[in-house]
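One structure below.
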Amino acid sequence: LAAAGRPLGLYGDPHLAPPVTQEGVEREPLRTMRTPYRAYRVAPSRAGNGLAAYVRDPRASMQVWSRHEGYPGEARYLEFHKIRWPGGLKLWRVTGGDVDLGAKAPYEPALARESAEGHAHHFAGLLQGLSRDDSPGPDGVIVAPFDTELFGHWWFEGPYFLGQVYRTLTGCAEVRPVTGSRHLADHPARVAIRLPAGTWGANGDFSMWLNDRTAWTWQRLWPLEEAFWNVAGDALADPAARHVLEQAARQMLLAQSSDWQFIISTGAVVDYAERRFRLHCDDADRLVAALTPGSGVSLDEGRTLADALDRRDPLFPGLLPAVAAALAGSRSIAVS
């Protein structure tokens, strides 16, 4: 997406135009405009600081993420898919990508640990090589983002690998770990591009989440979201209704998880995804109805349901301030 992004010149969005120097508008070679090793300005924000985008480095990402081309497919690592029942223990190693589950060899922790150390050193060397060969100067950044579930869940040795990577990079002059916010503070994004619409999913577009198999989920979500925001303001102003509103927001967030559409599109455990999606939508609907006068569902019924859901889904604490912030443009409400 960054490579396809249109550079913004003098006549682009004034918030995104390249900075003006004493010599005139700053212009940079196309090569550096397209590099993944820098942050780009992509949009202004209400706060006035603008929005910056980082670009994932394909080589560093694939090396860690891919089971087929990267480290997790190592023959010595724990096999995720073969599980002993009863007990649920995993006792086998990958052995080989084309090895049938019945032929997997026993897992040997010492060998797996040895491989993780070797891969950590290899990855650190890869980062150093990218820094020397491709990164544009001292303000360059190599971005390799991953779902945290990769480390320890899909890839059992992943946490140990990460620890070894950081130990290997200790004292390295070429590469040092840094957070995105720290890098932006030290090296503000100066080059602006207008990114095209796209995602990390198949085809680089939105078809993984919106297609013939998932369209019904969005038709269910949109009225639910509208109904929630229609009652949110009055519910925030009523202390007796806030608990119900908070749980309604929680169920709506669970229903909005993009995992449901992803699972449906890939064809993996579709019945589970559909069941979970409908469950959270139904619960959110009932809670919103309890906040809607004349719906036939009382506020007491809503509170009883919210109490039960607190035990089932105790996550996303402190949602009410976020709801209030979203409504701040239309009314001022104090939330305790």
Side-chain angles (χ1 to χ4, degrees), residues 83 85-89 147-150 152-154 208-210 213-336:
I83 304 173
W85 295 106
L89 295 177
D147 295 344
T148 52
E149 66 185 21
L150 169 65
H153 178 65
W154 296 106
M208 178 61 72
W209 294 273
L210 178 56
R213 287 168 291 177
T214 64
W216 66 271
T217 64
W218 300 105
Q219 293 165 355
R220 178 73 190 275
L221 275 176
W222 291 330
L224 172 60
E225 294 168 354
E226 185 174 358
F228 173 86
W229 291 110
N230 284 341
V231 302
D234 290 339
L236 272 174
D238 181 2
R242 289 178 182 171
H243 181 212
V244 178
L245 179 68
E246 183 174 35
Q247 189 55 250
R250 187 170 290 119
Q251 294 306 311
M252 190 170 69
L253 286 173
L254 287 167
Q256 290 170 331
S257 169
S258 64
D259 277 356
W260 309 138
Q261 289 83 11
F262 181 85
I263 293 172
I264 293 170
S265 295
T266 58
V269 291
V270 173
D271 57 335
Y272 170 76
E274 292 179 343
R275 185 170 67 252
R276 283 287 303 273
F277 175 79
R278 289 191 174 99
L279 171 69
H280 297 304
C281 285
D282 289 345
D283 288 336
D285 272 334
R286 292 168 62 194
L287 293 164
V288 169
L291 300 171
T292 305
S295 67
V297 181
S298 70
L299 185 58
D300 285 341
E301 290 177 282
R303 284 198 291 260
T304 299
L305 175 59
D307 287 340
L309 294 177
D310 280 346
R311 295 186 290 272
R312 190 190 76 189
D313 299 320
L315 73 171
F316 305 142
L319 284 177
L320 290 185
V323 173
L327 292 169
S330 60
R331 63 182 70 194
S332 178
I333 300 173
V335 179
S336 59

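Since the model is a prediction, treat every value here as computed from it, not as a measurement.
Residue pairs meeting the salt bridge (charged side-chain N to carboxylate O under 4.0 Å, His left out) criterion with at least one member in residues 244-255, sequence neighbours excluded: E246-R250, R250-D310.
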Check your understanding: What's the verdict on side chain to side chain contact (heavy atoms under 4.5 Å, CB included) for E225 and W222, showing C-alpha distance, side-chain angles and the deciding distance?
Key -> CA-CA 5 Å; E225 294 168 354; W222 291 330; 3.9 Å; yes
**Message:** Is there a side chain to side chain contact (heavy atoms under 4.5 Å, CB included) between V297 and R286? Walk through the geometry before answering.
**Reply:** CA-CA 8 Å; V297 181; R286 292 168 62 194; 5.7 Å; no
- Could you check M252 against V288 for side chain to side chain contact (heavy atoms under 4.5 Å, CB included), going step by step and ending with a plain yes or no? CA-CA 10 Å; M252 190 170 69; V288 169; over 6 Å; no
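Closest approach of A290 and G302 over heavy atoms only: CB-CA, 3.6 Å. Residue V244 comes nearest to L287 through the heavy atom pair CG1-O, 3.6 Å, listed as atom of the first residue, atom of the second, then distance. In this structure, D283 and L305 approach most closely via the heavy-atom pair O-CD2, 4.1 Å. Here the closest heavy-atom approach between residue I264 and residue V270 is recorded as O-CG2, 3.9 Å. Residues A306 and H243 come closest through the heavy atom pair CB-CE1, 3.8 Å. Considering every non-hydrogen atom in both L210 and A215, the closest pair reads CD1-CA, 4.2 Å.
Here CG of L291 is found 11.5 Å from CG of N230. Values are rounded to the nearest 0.5 Å. Separating the CZ atom in R303 from the CZ atom in R242 is a distance of 13.5 Å, to the nearest 0.5 Å. Separating the CG atom in L89 from the CD1 atom in I83 is a distance of 9.5 Å, to the nearest 0.5 Å. Atoms OG1 and CD, on T214 and Q261 in that order, are 6.0 Å from each other to the nearest 0.5 Å. The structure places CZ of R276 at 9.0 Å from CD1 of I263, a figure rounded to the nearest 0.5 Å. Between atom CG of residue L279 and atom CD of residue Q251 there is a gap of 7.0 Å, rounded to the nearest 0.5 Å.
Put simply, the side chain of W260 never gets that close to the backbone of R278: no donor and acceptor are under 3.5 Å apart.
Relative orientation of the F262 and W209 rings is tilted, given thresholds of 30° and 60° on the angle between their planes.
Ion pairing between a basic and an acidic side chain is recognised when a charged N comes within 4.0 Å of a carboxylate O; D282 and R220 show such pairing.
Within a 6.0 Å radius of CD in E149, other residues, nucleotides and ligands contribute more than 12 heavy atoms.
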